[in-house]
Colleague: 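The structure follows.
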Amino acid sequence: MASNTGAAGASGSPKKSSTGAKVVTITSGKGGVGKTTTTANVGVALARMNQRVVLIDADIGLRNLDIVMGLENRIVYDLVDVVEGRCKLRQAMIKHKILPELYLIPAAQTRDKTAVSPADMIKIADQLRPEFDFILIDCPAGIERGFRNAVAPADEVLIVTNPEVSAVRDADRIIGLLEAEGKGPAHLVLNRAKADMIKRGEMLSPSDVTDILAIKLIGIVPEDDSVVPSSNSGTPLAMLDASRAGQAYRNIARRLMGETVPFMPLEDNSGIFKRIGRLFGGQGG
Amino acid sequence: MPGFFESLFGKSNKTTSGSTAKERLQFILLHDRINLPPEKLEAMKAEILQVISKYVSVDDSGVDFALQNRERIPAIVANIPFTKPVEPPDPDDDLPPLGSSRKES
Ligand SMILES: Nc1ncnc2c1ncn2[C@@H]1O[C@H](COP(=O)(O)OP(=O)(O)O)[C@@H](O)[C@H]1O
Ligand SMILES: [Mg+2]
């Protein structure tokens, strides 16, 4: 079994891409719109499609991606320990309980955003790139240092917003800042859309929001009552096959991988989302 | 009650809170993107009018400045009507008409 196992060993990481991982930063401006939920679910969805994924919680001082992922009691070292040289990068990477190619680098809880610099983030991302297909960075709210840290290494930026005036306003501010940094064009995740309210004209529709922001959608995630229990139990919805939000997150993951995935109707009997599906179906990824 | 029949058919675009949200957002973002305080904006309009008034007389009642968004790029569109042109001088007047110097010799 000499030469054969040699070959098998060499193909131990068959998905290794020549260009290295794509760094995707998930940001929003406003807090509480679903950045962490999106990072966790898209990460899980990518890992379920056999991508090698590492999630970085860049929300230093307010870490919670570990909780949503159900990994909080496995933390030994964090991002700031890596930056300050107290541990090797590998030691701060927590392996997911079920998905073998999914890792989390947690944020420090007792420090602030200035403990890390944009250059540190670029350095860490560059160290990870050869070994992964995707690096997802969960950005803190705001437009200050934490935001600049999180977008510094980004190849692609996802802006999460809700169909509400204040959330869309903050998304616009972020788009402007990204354009100024030459980080565009970003893609939009419209989270917490409610089909019935949109149908009644009581909520901004996906096309209202894309009209106003003039950027492309990469996902429409419905308001889903199973999101909170899934965070409670530390099992992102994208682990399961049943929920609609989970499905929406899996579609985002596929679009990130370059697939063209039609936008699903949010509600089976709602013509409006079928129309939207046709409108944006060709723009995936 | 405007919009009653429209809402009956689920097409009440004019009066719903969703369309109010869209209008408010468009207004807010326009001003965010221009990033000029209102008093500066007013000063700019006044100055534009002043410059134009140096050359032609302007019909103040018809002046209209509109701010617009064009794919994220804000623009100011001005409609500045001149006052009615003065009647051309009567050829019988003592004063030689403008542009008549050619014919003098
Ligand atoms: N699609 C959704 N449906 C229902 N609840 C959601 C959805 N997305 C996010 N939430 C809830 O909204 C809250 C804020 O989400 P989170 O991802 O922590 O936002 P952020 O990271 O932007 O601050 C959480 O309680 C989360 O469970
Ligand atoms: Mg968060």
Side-chain angles (χ1 to χ4, degrees), chain A residues 29-30 33 143 159 161-188 190 192-216 223 266-267 269-276, chain B residues 1-51 62-80:
Chain A
K30 192 174 189 293
V33 297
I143 53 172
I159 298 176
T161 195
N162 298 153
E164 284 170 35
V165 176
S166 54
V168 177
R169 182 194 200 176
D170 287 5
D172 186 71
R173 184 80 199 280
I174 294 290
I175 295 168
L177 291 171
L178 291 170
E179 274 176 357
E181 294 211 12
K183 285 281 181 190
H187 286 90
L188 191 71
L190 185 63
R192 311 194 77 156
K194 296 190 188 179
D196 52 337
M197 289 186 72
I198 293 170
K199 215 164 82 178
R200 291 199 303 270
E202 282 166 8
M203 182 176 261
L204 290 164
S205 71
S207 56
D208 287 340
V209 177
T210 51
D211 274 358
I212 287 171
L213 294 178
I215 65 169
K216 284 185 180 169
E223 173 78 22
L266 283 190
E267 194 184 63
N269 292 325
S270 151
I272 187 167
F273 286 103
K274 295 197 178 108
R275 277 207 300 285
I276 288 154
Chain B
M1 37 202 224
F4 172 75
F5 286 106
E6 282 140 62
S7 60
L8 207 65
F9 297 107
K11 288 201 75 184
S12 53
N13 284 337
K14 288 267 154 57
T15 47
T16 58
S17 70
S19 59
T20 308
K22 189 173 185 183
E23 278 162 30
R24 289 178 69 204
L25 251 174
Q26 277 163 334
F27 178 85
I28 292 165
L29 293 191
L30 197 52
H31 288 270
D32 283 357
R33 287 169 186 169
I34 294 167
N35 194 21
L36 263 186
E39 64 274 14
K40 283 261 170 76
L41 207 57
E42 287 313 308
M44 178 178 76
K45 290 178 192 173
E47 211 169 311
I48 290 170
L49 268 184
Q50 237 175 47
V51 169
V63 171
D64 179 42
F65 286 95
L67 298 170
Q68 293 180 355
N69 261 317
R70 300 171 175 173
E71 284 279 304
R72 311 191 50 79
I73 313 288
I76 187 161
V77 177
N79 191 350
I80 304 174

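What you see is a predicted model, and the numbers here were worked out from it, not measured in a lab. Hydrogens, waters and symmetry mates play no part in the numbers below; they use all other heavy atoms, side chains included.
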Colleague: So which residue, A:R169, A:E164, A:M203, ends up with the most heavy-atom pairs under 4.5 Å with chain B?
Modeller: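 When all of A:R169, A:E164, A:M203 are compared, A:R169 has the most.
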
Colleague: Could you grab the distance from atom CG of A:D172 to atom CG of B:N69, nearest 0.5 Å is fine?
Modeller: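 Output value for this atom pair is 8.0 Å.
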
Colleague: Using 0.5 Å steps for rounding, measure from the OG1 atom of B:T20 to the CD atom of A:E202.
Modeller: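 With rounding to 0.5 Å, OG1 (B:T20) is 10.5 Å from CD (A:E202).
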
Colleague: State, to 0.1 Å, how close B:I28 and A:V165 come at their nearest heavy-atom pair, and which atoms those are.
Modeller: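 That closest heavy-atom pairing would be CD1-CG1, 3.9 Å.
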
Colleague: So, do B:K22 and A:L204 sit near enough that their side-chain heavy atoms are less than 4.5 Å apart?
Modeller: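 A side-chain contact exists here, since the closest heavy-atom pair is under 4.5 Å.
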
Colleague: Please evaluate residues B:Q26 and A:I212 with respect to the criterion side-chain contact (heavy atoms from CB on, under 4.5 Å), reporting the C-alpha separation (whole Å), side-chain torsions for both, the decisive distance (0.1 Å), and the verdict.
Modeller: CA-CA 7 Å; B:Q26 277 163 334; A:I212 287 171; 4.0 Å; yes

Colleague: Can you pull out the residues in residues 31-44 of chain B with any heavy atom less than 4.5 Å from chain A?
Modeller: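 Those residues of residues 31-44 of chain B which have a heavy atom under 4.5 Å from chain A are B:D32, B:R33.
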
Colleague: From B:E71 CD over to A:I215 CD1, what is the distance, rounded to the nearest 0.5 angstrom?
Modeller: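 Those atoms lie 11.5 Å apart.
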
